[in-house]
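Everything numeric here is computed off the predicted structure, so don't read it as measured data.
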Amino acid sequence: MFKYVHSLLLVIFLLAGCASSPEREPSSTHLPPTHKQGKRETVLNTLHHMVGIRYQYGGNSPKGFDCSGLVWYSHKQAGISIPRTAREQMNRSNPVNRNNMRSGDLLFFKTGWGSNYHVATYIGGGLFIHAPSSGKKVSIARLDHPYWKQRLQRVGTFYPVR
């Protein structure tokens, strides 16, 4: 009898563990770039798969992201090592002229007093992907939106600048 109850409890425990799922997991596995897919494309592909994942302060995984964690994670998937915080990413990235932005370049916004910066990744067509703020999800936004347009401070990249 004890063996039967023990087995039943084990099955219930295992099934209960499978019943809960994270808010959203990425829809594909991200592998290092191959000869067919460059690093920029890997970063952009990763970002597109993260749209809809919840914001989490200090988050740097598909369980939740803050702005710099999302940028850090997407670059990591492409085999590019970059700093973890928005301020460090801004300070250590190579500057890019706004007129020469390419998909995969980073956008740095001044969003508050002192050293508060927000980072996002430009995806082309005047759009960017970012982890906006608490209570929101990774999303696509327009660079010409008045809020973002007036706060853009710098464009940078961790790719070679031509």
Open item on the list: Pair F109, F128 - check ring-ring contact (aromatic ring centres under 6.0 Å, His included), show working.
Closed with: CA-CA 12 Å; F109 301 93; F128 60 90; 5.3 Å; yes
Over all atoms of both residues, closest heavy-atom pair of [X] and [Y]:
X    : Y    : result
S139 : P132 : OG-CG, 3.7 Å
S103 : I123 : OG-O, 3.1 Å
N60  : G69  : CB-CA, 3.9 Å
K137 : R54  : CG-CA, 3.9 Å
P62  : M50  : CG-SD, 4.1 Å
T46  : Q77  : OG1-CB, 3.6 Å

Does [X] share a hydrophobic cluster with [Y], counting links as ILVMFWY side-chain heavy atoms below 4.5 Å and allowing steps through other members?
X    : Y    : result
V96  : W148 : yes
I140 : M101 : no
L70  : F158 : yes
V51  : V43  : yes

Which distance, rounded to the nearest 0.5 Å, do you find between the [atom1] of [X] and the [atom2] of [Y]?
X    : Y    : atom1 : atom2 : result
C67  : W72  : SG    : CH2   : 14.5 Å
R151 : H118 : CZ    : NE2   : 11.5 Å
L44  : T121 : CG    : OG1   : 7.5 Å
T111 : Q153 : OG1   : CD    : 9.5 Å
Y55  : S133 : OH    : OG    : 7.0 Å
H48  : S74  : NE2   : OG    : 11.0 Å

Are [X] and [Y] packed together at the side-chain level, in the sense that at least one heavy-atom pair is separated by less than 4.5 angstrom?
X    : Y    : value
V71  : I82  : yes
L106 : H75  : yes
N94  : Y159 : no
Q56  : D66  : no
V119 : L107 : no
L143 : Y122 : yes
R84  : S68  : yes
V138 : H130 : no

Task: Criterion side-chain contact (heavy atoms from CB on, under 4.5 Å) on F108 and S93, from CA distance to verdict - done: CA-CA 11 Å; F108 298 96; S93 63; 3.7 Å; yes
Task: Partner of H49 under side-chain contact (heavy atoms from CB on, under 4.5 Å), chosen from N45, L47, I53 - done: N45
Task: Test log, rule side-chain contact (heavy atoms from CB on, under 4.5 Å), inputs Q89 and Y117 - done: CA-CA 10 Å; Q89 291 168 358; Y117 286 93; over 6 Å; no
- [ ] Please check if any side-chain donor atom of E88 sits under 3.5 Å from a side-chain acceptor atom of T85, or the reverse.
- [x] yes
Task: Side-chain donor-acceptor contact under 3.5 Å, D105 with T157 - done: yes
Open item on the list: One pair to check against ring-ring contact (aromatic ring centres under 6.0 Å, His included): Y73 and F65. What are the steps and the verdict?
Closed with: CA-CA 9 Å; Y73 178 83; F65 290 106; 5.4 Å; yes
